[in-house]
Structures are given as structure tokens and as C-alpha cells.
Amino acid sequence: MIKKVTGQEYSMNVLNGISLGVVVALVPAALVGQLMQALKGILPGAMQIVMMTTFAMSLLPVIAGLCVAIQFKLNPIQISAVGIAAMVGSGVMQQVNRSFILKGTGDIINTGLTIAFAVWLALFLGDRFKNYTILLLPLLVIVIAGGAGLLVLPYVKLVATTIGALIAHLTTLQPLLMGLLMGICFGILVVSPISSVGIATAIGLAGIGSGSANLGITAASFMLAVYGSTANNFGTTIAHFIGSPKIQMGNLLQKPALFFPLSINAGIMGFVGAIFGIKGNPMSAGFGFSGLIGPSAAYQQMPHSGVNLGLLVLLFVVLPVLLAYLSRYLFVERLKWFRADDLLLQI
């Protein structure tokens with residue numbers, strides 16, 4: 001029998017669980033990825049650390065599935081079945097002959113849909129099979145929910161492809177306008193179920209478009225961190241920009257008005273980035289400040305000097321932080337449109 005859960009509670013449990021999965025699976029690589037790459041020539045084992053954290057990224061679907069299942073207080077059999085179904089339905093696995101290859105993090109939208117269905121199915125089946133539950137429940141959840149995920153995966157990918165085509169069109173606009181719109185688009189994408197990195201890679205986003213995208217994400221990261229800093233602990237606060245602001249996905253979808261100040265800050269930084277000609281490449285776009293990937297890519301594409309290094313500190317740290325506090329003063333303290341609790345993360 002299905003436990004009584006309201007639609008809002010169900011959605012928030014799924015979104016919050018996925019957000020937790022993002023932290024666990026993606027933040028380790030963001031924290032040490034660039035550092036280990038830089039130290040690989042002098043630090044034994046650096047590339048092994050990169051390998052381990054990259055592997056963790058590909059486990060995002062199963063980790064998200066486990067986190068969501070725990071939110072629903074499922075039992076160990078149900079939790080395990082949901083995690084496996086999420087891995088199957090995410091599209092992260094590709095079969096080559098008799099081997100499986102893990103590629104990227106899978107489609108996050110499809111992962112979420114698969115998890116939501118798998119949890120419902122696990123709750124519906126419950127203990128209907130009595131002594132045979134351990135045999136039949138995992139089989140049914142994996143095959144039915146995971147299979148449904150694989151079935152709709154191509155159609156769900158069309159959503160990301162369409163969005164990618166629209167964003168690619170923005171790169172044909174005048175540079176400053178493009179920078180503004182690119183900052184807004186990627187500031188929104190990074191806190192949505194859609195992968196900002198996946199979109200950037202798919203459309204081959206490079207040059208000023210890539211730099212503006214990273215600055216838009218950076219602005220969104222610092223704004224969300226500052227808005228919720230009095231409600232969240234220090235570790236959770238810095239995880240917004242050291243790791244990923246996608247941990248706030250559930251809160252923003254619950255209170256979409258937050259996209260308004262986020263878009264303002266992201267647009268400003270994207271515009272400023274275009275003015276200064278900040279660039280990036282397809283592999284760096286979509287990360288923002290995370291793992292210092294955005295600023296590192298920008299520095300590699302400009303003359304190396306103390307002035308340019310200072311410019312990057314100004315654009316990737318000082319201005320986004322100032323904008324974040326200015327935005328909080330206006331929208332939280334003066335207008336009182338939002339509260340710090342709107343960004344509370346219960347991790």
C-alpha cells in the first residue's frame with residue numbers, strides 16, 4: 001500500500017535527494033580536479049585521485065537514487081532497487097560487446113523521472129510479496145522503472161538538444177548582448193535539472209560565450225550562497241561555489257521568484273565578462289567557479305600577467321560577491337521578497 005505523501009512532498013523529496021546526490025558525487029571532483037591536474041608532475045598518485053573522483057561523478061544516478069529513497073524512508077531492499085533503476089534509466093551506461101562503459105553523469109532529467117517512478121513502484125509493491133519480497137521487488141523495480149527510463153531517454157534528451165540549439169543561436173548575436181543572455185541562460189541552467197556542462201559541451205560553446213556562461217554561473221553561485229548564509233552552516237554555504245549551486249535546485253523550483261534576482265546578477269556578470277573579453281572553451285563552460293575551472297580556462301586564454309590574474313579575481317570573486325550582498329540587501333532586507341530560510345538546505 002502506498003504511503004500517504006502529498007504531491008509537493010513527493011516532488012521536494014525527489015529534488016532534495018537529487019541535490020544531495022549532486023553534492024556527494026560531483027563536489028569531490030570539483031574540489032581537487034584542477035589541483036591534481038596541476039600537481040600530476042610532482043605528486044605521485046595525483047592522477048589516481050582524478051580517476052577516483054571522475055568515477056564518482058559517473059555514479060551520480062545511483063547516489064541520487066539512494067538519497068531520494070532515504071528521503072522517503074524506504075527499507076534497504078527498496079533503496080537498493082531504486083538506486084540500480086536510477087543507474088539503468090540515466091543513460092550513463094553504454095554497453096560495448098560484453099563490457100559496460102560509464103560516460104559522464106547521465107541525463108539528470110531522465111534520472112529524476114526514473115527515480116520518481118522507481119520510488120512510487122517500490123512504495124506500491126511494499127511487502128505484497130511477503131517472503132518473496134527480496135526476490136521479486138528488486139527485479140520488478142529495476143526492470144519496470146529502469147526500463148521505462150531507457151524507453152523515454154531519447155525523448156527527454158530532445159529537451160536538452162532543443163535548449164542547446166536555442167542557446168547556440170545566442171552566440172550569433174552582438175558580443176555584449178550575447179554575454180548578457182549567456183550569463184542569464186547558464187545561471188538558470190546550473191540550478192535546473194538540465195546539465196549546464198552537458199549543454200555547453202553539446203553546442204561546443206567557446207570563446208566569449210564560454211567565459212560569459214561561467215561568469216553567469218559564478219554570479220548565481222555566490223548569490224545563492226549569500227542569500228542562505230544565515231540559515232545554512234559554513235560548509236554548506238561554500239559548497240555553492242566550490243561545488244555546485246545545483247544543490248539549491250529544489251528550493252528554486254519551489255520558489256521560482258528567486259530566478260529573478262539570480263538572472264539579474266548572472267546577466268550583469270555575463271555582460272561584464274563580454275566587455276573584458278573573458279573566454280573559455282567547450283570543456284570549461286558550464287562549471288563557473290567550481291573547481292576553479294572557469295577562471296583557469298580564462299587565464300589560459302589571456303597573456304599571463306599579474307594584472308590579468310587580478311582581473312580574474314575581480315571578475316570571478318570580488319564583483320559576484322559584491323553583487324550578491326547588494327542583491328540580498330535589496331530583495332531580502334529592504335523589499336523582504338525572500339527570506340534566508342528559502343535557501344535552507346537540510347543536509
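For clarity, every value in this text was computed on a predicted model and none was experimentally measured. This chain uses plain numbering: 1 for the first residue, then up along the sequence.
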Only counting residues at least two apart or in another chain, list the ones meeting side chain to side chain donor-acceptor pair (under 3.5 Å) with [X].
X: Asn251; result: Gln248
X: Ser229; result: Arg328
X: Ser327; result: Tyr227

Are [X] and [Y] side-chain neighbours, meaning at least one heavy-atom pair lies under 4.5 Å?
X: Cys185; Y: Leu170; answer: yes
X: Val82; Y: Val68; answer: no
X: Met302; Y: Leu312; answer: yes
X: Leu20; Y: Asn16; answer: no
X: Leu344; Y: Asn232; answer: yes
X: Ile144; Y: Phe117; answer: yes
X: Leu215; Y: Val272; answer: no
X: Gln254; Y: Asp342; answer: no

Give a yes or no on whether [X] and [Y] share a hydrophobic cluster (residues Ile, Leu, Val, Met, Phe, Trp, Tyr; joining criterion: side-chain heavy atoms under 4.5 Å apart).
X: Val143; Y: Leu123; value: no
X: Leu153; Y: Leu102; value: no
X: Val190; Y: Leu166; value: no
X: Leu262; Y: Leu335; value: yes
X: Tyr299; Y: Leu292; value: yes

Any side-chain to backbone donor/acceptor pair from [X] onto [Y]? Under 3.5 Å, distance only.
X: Asn110; Y: Gly149; value: yes
X: Asn13; Y: Phe72; value: no
X: Ser90; Y: Met87; value: yes
X: Lys255; Y: Leu252; value: no
X: Asn233; Y: Thr236; value: yes
X: Tyr10; Y: Ala116; value: yes
X: Ser290; Y: Gly243; value: yes
X: Gln300; Y: Ala297; value: no
X: Thr218; Y: Phe289; value: yes
X: Asn281; Y: Gly207; value: no

Which residue pairs pass the ring pair (Phe, Tyr, Trp, His ring centres under 6.0 Å) test with at least one member in residues 128-162, sequence neighbours excluded? none
Any pair counted as ring pair (Phe, Tyr, Trp, His ring centres under 6.0 Å), so long as it reaches residues 309-332, sequence neighbours left out: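 Those involving residues 309-332 are Phe260-Phe331, Phe331-Trp337.
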Distance check, rounded to the nearest 0.5 Å: [X] atom [atom1] versus [Y] atom [atom2]?
X: Phe287; Y: Ser221; atom1: CZ; atom2: OG; value: 12.5 Å
X: Leu253; Y: Met12; atom1: CG; atom2: CE; value: 8.0 Å
X: Asn75; Y: Leu137; atom1: CG; atom2: CG; value: 7.5 Å
X: Ser263; Y: Leu181; atom1: OG; atom2: CG; value: 11.0 Å
X: Asn131; Y: Thr133; atom1: CG; atom2: OG1; value: 7.5 Å
X: Asn214; Y: Met182; atom1: CG; atom2: CE; value: 11.5 Å

Decide yes or no on side-chain contact (heavy atoms from CB on, under 4.5 Å) for Ile108 and Leu60, but give the supporting numbers first. CA-CA 9 Å; Ile108 297 181; Leu60 171 60; 4.2 Å; yes
Shortest non-hydrogen contact between [X] and [Y], atoms and distance:
X: Val191; Y: Pro245; answer: CG1-O, 3.4 Å
X: Gly270; Y: Ser212; answer: O-OG, 3.0 Å
X: Pro138; Y: Ala81; answer: CA-CB, 3.8 Å
X: Ala324; Y: Val226; answer: CB-CG2, 3.7 Å
X: Gly179; Y: Ala274; answer: CA-CB, 4.0 Å
X: Val88; Y: Met93; answer: CA-CE, 4.0 Å

Gln71 vs Val119, test: side-chain contact (heavy atoms from CB on, under 4.5 Å). Steps then yes/no. CA-CA 10 Å; Gln71 295 279 322; Val119 167; over 6 Å; no
Leu315 vs Leu311, side-chain contact (heavy atoms from CB on, under 4.5 Å): CA-CA, chis, key distance, verdict: CA-CA 6 Å; Leu315 295 181; Leu311 175 63; 4.0 Å; yes
When you look at Met36 and Thr53, which way does the side-chain contact (heavy atoms from CB on, under 4.5 Å) test go after all the steps? CA-CA 11 Å; Met36 291 301 105; Thr53 55; over 6 Å; no
What residues, two or more places apart in sequence or in another chain, satisfy ring-ring contact (aromatic ring centres under 6.0 Å, His included) together with Phe241?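 Expected list: Phe222.
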Within a 6.0 Å radius of atom CD1 on Ile134, are there more than 12 heavy atoms belonging to other residues, nucleotides or ligands? no
